[in-house]
Amino acid sequence: MISRRDFHRTLAAGALAGMTGSLFSSSPELRADDSEKNIAKPSVPYIDMHTHIGQYVSSEKNLPASGLIKWMDENYIEKAVVLPLVSPESTLFLQPPELVLAAANEFPDRLIPFCCYDPRHAKHVGNAALINHLKRYKELGAKGFGEHKVGLDFNDPLMMKVYAACEEVGLPVLFHLDTIRGKDKPGLPHLEEAIATFPDLTFIGHGPGWWASISGDVETLGGYPTGDVAPGGAIDRLMEKYPNIYGDLSAGSGNNAIARDMEFGREFLIRRQDRICFGSDYLAPGQVVPQFETLQNMDLPLDVQEKIFRGNTIKVLDLS
Ligand SMILES: [Zn+2]
């Protein structure tokens, strides 16, 4: 064991013997001092598929990149995807990709930047220019596209134009789906049209509408349904049929989906162990992230934990 101070010093020095060396190995070790952590020690360090920096809905709550790193250190999170938000429906305080790329430059061993682009801008931009724009972000380090949280139907022609560009450039799309952003209907036909139209594009699902669709009896895509999950949900159906759809467990919606019916949730995670990525949606200091406890209580097989906690994200984002 090393002390917390040594842990930070090790990270700062870039001599990441324990952490980086462990990043792509099958059984990475955790070296930090357990006594200073907020949560139970997981079997492997997490890679968080879904975080934000800056301001979100409250001008009082600002999360600088250094604050995100501190929280990661306290919660066994080795790396985190940081998602910009550029659409007016997504947040009160927009977070441009440039902010995220700068943060990742500051903490290159810890933060994984994404880029995004509001499809309504694409109305005025040709396909080639859009592709070049996304290529530039990729060259600057972006590993994916999102958080794609846009006040249009999921299969709106402008949305489809952006998916086509992401497929061409090779940027997985992490999307938010509910009744306001990435709009769809129970059964997720709009999402299915996009997944089927762009088979070489990886989609990563998030948000109330996506996660309510774990259940076959979903009536609205806007809430946080409680109680037992009915089999036959759209998520299982789509994952069975298409290899290019994943889910991130972030936010209240992700936690609720697996915690509302722990028995179904556990079986779902085992059944879809190659498609689900740990995520928090951490975006403000002091935010409670219930996923840690839920996942610990699930007591999943160790190989399933490795995939969900980190392995699937390494695979999907090609982090090796
Ligand atoms: Zn988010």
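Counting convention: from 1, in listed order, for ligands and their atoms alike.
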Novice: Can you list everything that forms a side-chain hydrogen bond (donor to acceptor under 3.5 Å, both in side chains) with E240? Sequence neighbours excluded, please.
Specialist: R272
Novice: Using the rule that Ile, Leu, Val, Met, Phe, Trp and Tyr join whenever any side-chain heavy atoms are under 4.5 Å apart, tell me whether L99 and L134 fall into a single cluster.
Specialist: yes
Novice: Report the protein N/O/S neighbours of the Zn ion (ligand 1) that fall below 2.8 Å; do not count waters.
Specialist: H50 NE2, H52 NE2, E147 OE1, D281 OD1
Novice: Just checking, is any N or O donor in the side chain of H50 or Y282 under 3.5 Å from an acceptor N or O on the other one?
Specialist: no
Novice: Looking at F154, I'd like to know if the NZ or CZ of R181 sits under 6.0 Å from its six-membered ring centre while staying within 45 degrees of the ring's axis.
Specialist: no
Novice: Can you hop from L319 to I204 via hydrophobic side chains spaced under 4.5 Å?
Specialist: yes
Novice: Report the C-alpha separation of F175 and H206 in whole Å, then their side-chain angles, then the decisive distance to 0.1 Å, and conclude whether the ring-ring contact (aromatic ring centres under 6.0 Å, His included) test is met.
Specialist: CA-CA 6 Å; F175 65 84; H206 152 87; 8.5 Å; no
